[in-house]
Structures are given as structure tokens and as C-alpha cells.
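Here is how names work: the chains are called A, B, and so on, in the same order as the sequence lines, proteins then strands, and each is numbered from 1.
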2 protein chains.
Amino acid sequence: MLTIGKLGEAAGVKVPTIRYYEQIGLLPEAERSSGNQRLYGRKAMKRLAFIRHARDLGFTLEAIRDLLSLSDNPDQSCAAADAIARSQLVEVESRLARLTALKAELERMVVQCAGGKIADCRVIEVLGDHSLCATDHRHPETEATQ
Amino acid sequence: MLTIGKLGEAAGVKVPTIRYYEQIGLLPEAERSSGNQRLYGRKAMKRLAFIRHARDLGFTLEAIRDLLSLSDNPDQSCAAADAIARSQLVEVESRLARLTALKAELERMVVQCAGGKIADCRVIEVLGDHSLCATDHRHPETEATQ
DNA sequence: CTTGAAGCTATAGTTGCTAGAGACATTAGG
DNA sequence: CCTAATGTCTCTAGCAACTATAGCTTCAAG
């Protein structure tokens with residue numbers, strides 16, 4: 001049995017984050033020692049590693065909640081898990097596209113900055129005038145909402 | 001002179017966001033009409049467009065605050081603005097690298113999912129075991145913090 | 001047996017907004 | 001000129017996903 005600190009260390013998750021996951025119901029309430037401290041076994045360790053890994057892959061806690069409940073019922077079809085992963089992939093692809101455009105724009109800004117006075121600074125100038133941009137770089141959320 | 005709604009429409013920024021920017025001091029307090037409604041001129045419009053554009057490029061509000069104060073003092077050297085833009089570029093590049101790895105991992109997960117039962121689902125399996133991953137895909141923040 | 005680290009709870013703060021309530025201002029139509 | 005609809009006002013609370021703080025208790029090492 002591990003204390004919360006050991007568990008956090010092992011899984012690469014900070015202690016308050018583990019308590020937070022318990023609070024929002026992603027982790028079940030932990031067993032307690034005689035002195036009221038949380039104790040974790042192998043199962044909790046695996047569940048936390050799952051959560052951590054999914055977070056690393058960019059899944060939201062809501063998506064993870066769904067994936068965990070799927071994982072708890074191994075007899076169901078995996079279509080739902082597949083759908084969640086696919087939608088996450090779409091998400092990532094769109095962010096990737098946007099970031100690529102941003103990178104190009106920032107590079108242009110930085111390269112063109114001659115190191116003179118602010119009055120002639122390309123960085124400030126470009127930020128003040130979108131028409132100086134070569135690429136489209138809007139937030140997808142701005143359109144996607146609804 | 002524009003009302004807050006017209007300004008928001010023109011700049012592509014929602015009305016409460018404009019009030020929020022004023023509240024946190026990114027925009028100066030607006031003039032008011034006789035009926036206490038905010039009125040904006042050309043200068044405010046430009047400033048808001050600057051903010052909006054910088055946000056689109058992923059700058060934080062703190063960075064934008066710095067950029068704006070630079071832009072307000074055109075006689076200074078533009079080294080600071082350049083540094084902010086460069087650090088933003090570094091940020092974007094690192095997110096880009098990480099997202100690229102994520103994309104590869106998600107693609108692997110999704111492709112390998114045969115569409116059977118959860119018990120055999122690659123998505124769930126991979127999430128449960130990082131060693132099944134081909135690439136490194138951690139949050140940079142986790143390391144970068146301090 | 002004492003001390004310092006690690007644990008506990010509870011609350012508040014972070015970033016960048018967004019949503020709601022309830023009251024006042026403005027504008028278009030009849 | 002009155003009314004209805006829309007716009008604006010302030011204020012507060014909420015979102016994700018934690019992180020930090022305060023003030024306490026418990027545990028492990030020397």
C-alpha cells in the first residue's frame with residue numbers, strides 16, 4: 001500500500017492533483033490508514049497512470065471519465081472509445097494546423113525585426129495590422145462555438 | 001464614436017471581453033455617453049485590434065500588456081518586443097513538436113483498434129500502458145515549472 | 001521523545017474569458 | 001409620444017484543470 005506522496009511520485013502526478021481527481025470522482029475514495037491518511041493499491045495506481053497518460057495525450061477530464069467507464073465494462077463494443085480517440089485526433093490535427101500557421105507568422109515577425117527602435121518594429125507593426133499577415137491564423141473555437 | 005457593441009463587431013471581440021479587458025487595464029477606461037454607455041474612437045479600435053491579433057497569435061494577456069506598453073513608447077529599443085515574440089515562437093515550436101508526437105500516437109491507437117470489444121481495445125490498452133507508445137509525449141510544463 | 005517531513009481539510013487563486021440577473025438607455029415602429 | 005425590442009450597465013458566479021495557502025494532525029527517523 002502506497003501513501004499519496006509515493007503514489008504521486010510513482011505516477012508522475014502531484015499530490016493535490018490526486019486529491020482533486022478523487023474529489024471530482026475520477027478516482028474512487030481511497031482507503032484510509034488508522035491515522036486517516038489515504039492508502040493506494042495496485043488498482044488505484046493503474047487507474048491514475050491511465051488518467052495521467054490520457055491527460056498527456058490531451059484528452060479532457062470529461063473524455064477520460066468516459067474512457068474509464070468504458071474500460072470498467074470490458075464487454076461493451078469499443079466503438080465509443082474509438083470515437084473518443086478519433087475526435088481527439090481531429091482536435092489535435094486542427095490545433096496542429098493552426099500552430100503551424102502561427103509559427104510561420106511569428107518567424108516572419110521575428111526575422112523582419114531589424115533591432116532598431118519600437119517605431120520601426122515589425123513585431124509591433126504586424127500585431128497592429130492583421131493585413132500584414134501571410135497566413136490565416138484564427139482561433140478555431142471562435143467559429144466552432146455552437 | 002462607436003458603442004461597445006459596434007466596436008466588438010468591428011474588431012471580432014465579444015462585448016463582455018471588451019469590458020473584461022478594460023477591467024484588467026488592457027484597455028483604458030472608455031469615455032461615456034450622457035447615459036453612461038461606453039464610447040470608443042479610432043484609438044481604442046486600434047488598440048483592441050492589436051490585442052485581438054496578438055491573442056490570435058497565442059500571446060498571453062501578460063505578454064500583450066508588455067507589448068502594448070512598448071508600443072506606447074516608440075522611442076525605446078525594440079529588443080524587448082523582439083524577445084517576447086521570440087519566446088512566443090519557442091513556445092509555439094515546443095507545442096508543435098509535442099502535438100506532432102501526440103498525433104502520431106493517436107493515429108496508432110485509432111488505426112489499431114479493430115472495432116471489437118473493449119477488452120481488446122487498443123485505445124484503452126495504450127492509455128493504460130505508456131510503454132506501448134512509440135514516441136515521447138509529455139507536457140513540457142511538467143518539467144519546465146521552475 | 002522530539003523534530004521535521006508528509007499528510008489532512010478547506011478555501012481561494014490562476015488564465016481568459018463566458019453566462020446570468022436585474023436595472024437603465026437607446027432606437028424603430030405605430 | 002408611447003411602447004416594445006434591443007443594447008448596455010453593474011455585479012456576481014462559473015468554466016477547465018489544477019495550484020497554492022493556512023492551520024492542523026500524523027508519521028518516520030534519530
Side-chain angles (χ1 to χ4, degrees), chain A residues 1-27 29-40 44 48 51-66 68 88 91 95 138-146, chain B residues 1-27 29-40 44 48 51-68 88 91 95 139-146:
Chain A
M1 288 301 220
L2 301 172
T3 61
I4 197 170
K6 302 290 175 193
L7 177 70
E9 211 174 317
V13 177
K14 285 177 192 147
V15 167
T17 304
I18 298 175
R19 288 196 279 249
Y20 169 71
Y21 287 161
E22 177 182 312
Q23 190 194 309
I24 63 170
L26 268 194
L27 289 174
E29 294 198 8
E31 285 179 59
R32 296 298 181 115
S33 73
S34 56
N36 197 36
Q37 302 197 346
R38 289 175 181 80
L39 291 177
Y40 298 92
L48 182 56
I51 296 171
R52 162 79 212 247
H53 194 193
R55 285 296 295 137
D56 278 352
L57 286 163
F59 289 90
T60 65
L61 292 182
E62 261 331 287
I64 294 171
R65 203 186 287 278
D66 292 346
L68 279 169
Q88 176 61 13
E91 244 300 302
R95 278 198 279 158
R138 284 158 306 160
H139 274 280
E141 300 93 321
T142 310
E143 323 269 86
T145 305
Q146 291 280 330
Chain B
M1 287 301 218
L2 301 171
T3 61
I4 196 169
K6 303 290 176 193
L7 177 70
E9 211 175 317
V13 177
K14 286 177 191 147
V15 168
T17 303
I18 299 174
R19 288 197 279 247
Y20 169 71
Y21 288 160
E22 177 182 311
Q23 189 193 309
I24 64 170
L26 269 193
L27 290 174
E29 295 198 7
E31 282 179 62
R32 299 297 181 114
S33 73
S34 57
N36 197 36
Q37 302 198 346
R38 289 174 181 81
L39 291 177
Y40 298 92
L48 182 56
I51 296 170
R52 161 79 213 251
H53 194 194
R55 285 296 296 141
D56 278 352
L57 285 165
F59 289 89
T60 64
L61 292 182
E62 260 332 286
I64 293 171
R65 200 186 289 278
D66 293 345
L67 288 167
L68 280 168
Q88 177 63 13
E91 243 304 298
R95 280 198 279 157
H139 273 280
E141 300 94 321
T142 308
E143 325 265 87
T145 306
Q146 288 284 329

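Between Arg32(B) and dT10(D), a side-chain N or O to OP1/OP2 separation shorter than 4.0 Å is present.
The distance from atom CZ of Arg52(A) to atom C1' of dA17(D) is 14 Å, rounded to the nearest whole Å. Atom CD1 of Ile24(A) is separated from atom P of dT19(D) by 12 Å (rounded to the nearest Å). Note: NZ (Lys6(A)) to P (dA5(C)) measures 14 Å, nearest angstrom. Atom CG of Leu7(B) is separated from atom P of dG7(D) by 15 Å (rounded to the nearest Å). Residue Leu39(A) contributes atom CG, which lies 17 Å from atom P of dA6(C) at whole-angstrom precision. With rounding to whole Å, Tyr40(A) atom OH is found 14 Å from dA6(C) atom C1'. In this entry the distance linking CD of Glu29(A) with C1' of dT9(C) reads 14 Å, nearest Å. Separating the CZ atom of Arg38(A) from the C1' atom of dT26(D) is a distance of 14 Å, rounded to the nearest angstrom.
Not a single salt bridge (charged side-chain N to carboxylate O under 4.0 Å, His left out) links Glu29(B) to another residue, sequence neighbours left out. Remark: Arg65(A) engages Glu62(A) in a salt bridge (charged side-chain N to carboxylate O under 4.0 Å, His left out) (not counting sequence neighbours). For Glu91(A), the side chain to side chain contact (heavy atoms under 4.5 Å, CB included) partners two or more places apart in sequence, or in a different chain, are Gln88(A), Arg95(A). For Tyr40(B), the side chain to side chain contact (heavy atoms under 4.5 Å, CB included) partners at least two apart in sequence or on another chain are Ile4(B), Leu7(B), Ile18(B), Glu22(B), Ala30(B), Arg38(B), Ala44(B).
Taking CZ from Arg19(A) and OG1 from Thr17(A), the interatomic distance works out to 9.5 Å, rounded to the nearest 0.5 Å. Considering CG of Leu39(A) and CG of Leu2(A), their distance stands at 8.5 Å, rounded to 0.5 Å. Expressed to the nearest 0.5 Å, how far CZ of Phe59(A) lies from CG of Asp66(A) amounts to 11.0 Å.
Screening Leu27(B), Leu26(B), Leu61(B) for a side chain to side chain contact (heavy atoms under 4.5 Å, CB included) with Tyr20(B), the sole residue that qualifies is Leu61(B).
When heavy atoms are screened at a 4.0 angstrom cut-off, Arg19(A) is found touching base atoms of the nucleic acid.
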*Nucleotide by nucleotide, 5' to 3', does protein get under 4.0 Å of the base (B), only the sugar-phosphate (S), or neither (-) in nucleotides 10-18 of chain C, counting heavy atoms?*
------BBS
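Over its full length, the helix from dC1(C)-dG30(D) to dG30(C)-dC1(D) turns its helical axis through 0°, comparing axes from the five pairs at each end and rounding to 10°.
Arg52(B) places no side-chain N or O within 3.5 Å of a backbone atom of Val13(B) that could act as its donor or acceptor partner.
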Expected rows: protein N/O vs nucleotides 21-28 of chain C N/O, under 3.5 Å:
{"from": "dA25(C)", "atom 1": "O4'", "to": "Gln37(B)", "atom 2": "NE2", "distance (Å)": "3.4"}

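For the pair Ala11(B) and Leu48(B), the tightest heavy-atom approach, listed with the atom from each and the gap, is CB-CD2, 3.7 Å.
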